[in-house]
Amino acid sequence: AIPKLNILVVLKITAIGVACGVVGFLFCHTLHFTKEIFEKYLKNPYLRIFVGSLIVVAITVLIGTTDYNGSGIDIIEGVFENKAVRPEAFLLKIIFTAITVGAGLKGGEIVPTMFIGATFGATVGSILNLGTSYSAAVGLATLFGAVTNCPLAAFSLALELFGDFSLLPLIIPVF
């Protein structure tokens with residue numbers, strides 16, 4: 001559901017955009033920091049992968065869910081179907097992705113970026129009473145733009161994914 005455009009909606013999506021910029025900064029710096037730590041203290045790449053894997057398994061057991069392992073496509077889809085998502089889901093995905101990639105395991109950063117953006121956007125949108133799925137779309141597109149430093153590509157991706165030109169106000173937070 002796309003809210004009727006007015007100044008309050010524009011201010012809310014702009015707030016989500018600014019917050020996503022901060023989360024994108026946090027995500028990128030966490031990725032770099034984690035890689036530096038692993039490389040500094042564990043010179044052997046096989047040992048890095050082993051230790052990183054143990055940490056991921058330990059955190060998975062500790063939080064009691066595998067929602068943050070793998071790409072998380074099912075969680076992204078769930079956000080757009082208005083399924084409940086943990087408010088800290090975006091932060092947990094940042095941690096899991098940073099450990100996985102930082103340790104040297106192969107994995108992507110694009111789909112986790114979409115996961116983080118969608119879950120963060122949905123969480124902030126529920127606080128701002130903007131609508132979970134719409135806010136998830138704003139978050140996904142905006143965080144993608146922040147992390148890749150490609151706002152035009154992020155806006156184009158949003159139009160392609162969500163297929164609705166009434167999303168044109170997304171251009172504000174994305175840029």
Using side-chain contact (heavy atoms from CB on, under 4.5 Å), reason through V10 and I172 one step at a time and then give a plain yes or no. CA-CA 8 Å; V10 170; I172 297 166; 3.9 Å; yes
Just do the side-chain contact (heavy atoms from CB on, under 4.5 Å) check on F115 and Y68 with the steps written out, would you? CA-CA 9 Å; F115 179 112; Y68 311 101; 3.7 Å; yes
Restricting to non-hydrogen atoms, name the atom on [X] and the atom on [Y] that form the minimum distance, rounded to 0.1 Å.
| X | Y | result |
| --- | --- | --- |
| A154 | V174 | CB-CG1, 3.9 Å |
| G17 | T142 | CA-CG2, 3.5 Å |
| A118 | I76 | CB-CG2, 4.5 Å |
| I99 | G52 | CG2-O, 3.7 Å |
| T97 | G108 | CG2-O, 4.2 Å |
| V138 | P173 | CG1-CG, 4.0 Å |

Any idea how F25 and H29 line up, ring-wise: parallel (<30°), tilted (30 to 60°), or perpendicular (>60°)?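 Tilted, since the angle between the ring planes falls between 30° and 60°.
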F80 vs F162 aromatic rings, parallel, tilted or perpendicular, using cut-offs 30° and 60°?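 Geometry flag for F162 against F80: tilted rings.
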Taking C-beta and beyond as the side chain, do [X] and [Y] meet within less than 4.5 Å on heavy atoms?
| X | Y | answer |
| --- | --- | --- |
| L140 | T113 | no |
| V79 | S133 | no |
| E109 | V101 | yes |
| K93 | D67 | no |

Between V51 and L47, does a side-chain contact (heavy atoms from CB on, under 4.5 Å) hold up when you go through it step by step? CA-CA 6 Å; V51 170; L47 185 57; 4.1 Å; yes
What about [X] and [Y], same hydrophobic cluster or not, with Ile/Leu/Val/Met/Phe/Trp/Tyr joined at side-chain heavy-atom distances under 4.5 Å?
| X | Y | result |
| --- | --- | --- |
| V147 | L152 | yes |
| Y134 | I171 | yes |
| V56 | F38 | yes |
| L5 | I16 | yes |
| I73 | L161 | yes |

Does a sphere of radius 6.0 Å around CZ in F33 hold more than 12 heavy atoms from other residues, nucleotides or ligands, not counting ones at 6.0 Å or beyond?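 Open: at most 12 neighbouring heavy atoms sit under 6.0 Å from CZ of F33.
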Does atom CD of E81 have more than 12 heavy-atom neighbours, drawn from other residues, nucleotides or ligands, at distances under 6.0 Å?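 Enclosed.
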Could you tell me whether the side chain of [X] and the main chain of [Y] form a donor-acceptor pair under 3.5 Å?
| X | Y | answer |
| --- | --- | --- |
| K12 | L128 | yes |
| R48 | G104 | no |
| S135 | T132 | no |
| T119 | I116 | yes |

Would L91 and L26 count as a side-chain contact (heavy atoms from CB on, under 4.5 Å) if you check the C-alpha gap in whole Å, the side-chain angles of each, and the deciding distance to 0.1 Å? CA-CA 10 Å; L91 193 56; L26 173 71; 4.2 Å; yes
Can you tell me how far the [atom1] atom of [X] sits from the [atom2] atom of [Y], to the nearest 0.5 Å?
| X | Y | atom1 | atom2 | value |
| --- | --- | --- | --- | --- |
| L92 | I59 | CG | CD1 | 8.5 Å |
| N69 | T100 | CG | OG1 | 7.5 Å |
| H32 | F27 | NE2 | CZ | 9.5 Å |
| L42 | F50 | CG | CZ | 11.5 Å |
| I63 | I95 | CD1 | CD1 | 8.5 Å |
| N6 | L8 | CG | CG | 5.5 Å |

